[in-house]
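Below is one structure, written out as structure tokens; comments come after it.
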Amino acid sequence: MNKQRKLIIAGNWKMNKTVAESLALVRGLKIELANIKEVDIVICPPFTALSEVSKAVIDSNIRLGAQNMSENGYGAFTGEIAGGMLKEFSCRYVILGHSERRQFQKESDELISKKAQAAHANSLKPIVCVGETLAEREGNKTEQVLETQVKGSLAGLTKEQMVETVVAYEPVWAIGTGKTATTAQAQEAHAFIRKQLVGLFDENVAKRVRIQYGGSVKPANARELMEQPDVDGALVGGASLDARSFCVFIKNSI
Ligand code: PGA
């Protein structure tokens, strides 16, 4: 598949995998994915596994990401993790504003934008998640929600930073439910997000930003999703926990 933007496929392991399980998964991924050059491959293990996994992926084509970080630098913030700490483990990416954090930790667009700025200050590329709930979709509010989240979560980023930011469109109703958005629904939302980026930044920035789709993606729907002109990769939850399904997903995407 010849796309203008390089595909980026990231595995979001969420709160799963011990260190030993993480290493076993990485072993499988390294063997299966060694020859893949067409896709930026990212895995986002839990914080507790970052140290060991970072050593295991040295000299591979697998890049490391974290699932969250603090908007603050070092200091008196009990239980938080600073961007600088993630850099110690060679993290290149960090997922921000996942819908589970928006829902359970009450993260706001304003907080997510501060985290995105802190990520860039530490040379981490944020993967900023946006997406509507089922009630919002059924109430015809999808565009309104996406507009608000895109504008709010990406506020304060420079054009240069935006180009190095990934946006993940994850309809909340499709996450972990086995219900994927149709390719038409995904493309429509991605095109809408890109249009917002034109307004907030400019045409050139919007053309370069990669927008991932997330929500019950699996090997069987990889190709048709990646064929959509504005879909530039995927944020994979459940299907990234198993080496075979994540590898087949990536191979089916190219
Ligand atoms: P899922 O999760 O693939 O298990 O639906 C995606 C995500 O939450 O990033």
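Remember, it's 1-based here, ligands and their atoms both numbered in the order they're listed.
Numbered from 1 in the order shown, with element, the atoms of ligand 1 that lie under 4.0 Å from a heavy atom of N12 read 9 (O). Atoms of ligand 1 found under 4.0 Å from any heavy atom of G238, numbered from 1 in the order shown, are 1 (P), 3 (O), 4 (O). Set against the non-hydrogen atoms of G215, the atoms of ligand 1 under 4.0 Å away are 5 (O). In summary, the atoms of ligand 1 found under 4.0 Å from a heavy atom of A174, numbered by their order in the structure, are 5 (O). Near G237, meaning under 4.0 Å from one of its heavy atoms, ligand 1 places the atoms 1 (P), 2 (O), 3 (O), 4 (O), 6 (C). Remark: ligand 1 atoms within the under-4.0 Å shell around heavy atoms of H98 are 7 (C), 8 (O), 9 (O).
The number of heavy-atom neighbours closer than 6.0 Å to CD of E188, taken from other residues, nucleotides and ligands shown, is 12 or below. When the shell of 6.0 Å around NZ of K218 is examined, it contains more than 12 heavy atoms from other residues, nucleotides or ligands.
Remark: E203 engages no residue in a salt bridge (Lys or Arg N to Asp or Glu O under 4.0 Å) (not counting sequence neighbours).
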Report the C-alpha separation of R101 and L96 in whole Å, then their side-chain angles, then the decisive distance to 0.1 Å, and conclude whether the side-chain contact (heavy atoms from CB on, under 4.5 Å) test is met.
CA-CA 8 Å; R101 297 199 62 83; L96 296 178; over 6 Å; no

side-chain contact (heavy atoms from CB on, under 4.5 Å) between V166 and Q212, worked out:
CA-CA 7 Å; V166 177; Q212 295 175 317; 3.8 Å; yes

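Neither the backbone nor the side chain of C129 has any atom closer than 4.0 Å to an atom of ligand 1 (non-hydrogen atoms only). Within the 4.0 Å heavy-atom criterion, both parts of I175, backbone and side chain, lie near ligand 1.
The side-chain contact (heavy atoms from CB on, under 4.5 Å) test with T48 is passed by exactly one of P45, P46, S51: P46.
Checked by atom type and distance alone, the side chain of Q228 pairs as donor or acceptor with a backbone atom of E224 at under 3.5 Å. Judged by distance alone, the side chain of R210 and the main-chain N or O of V163 form no donor-acceptor pair under 3.5 Å. The backbone N or O of C44 sits less than 3.5 Å from a side-chain atom of Q67, completing a donor-acceptor pair.
At least one heavy atom of K14 lies less than 4.0 angstrom from ligand 1. Ligand 1 is never approached by A239 to a heavy-atom distance shorter than 4.0 Å.
Evaluated by nearest non-hydrogen atom to atom 1 (P) of ligand 1, the leading choice among S216, S240, G178, A168 is S216.
Inclusion of G214 in the set of residues having an N or O under 3.5 Å from an N or O of ligand 1 is not warranted.
In terms of protein heavy-atom proximity, atom 7 (C) of ligand 1 is closest to E170 OE2, 3.1 Å.
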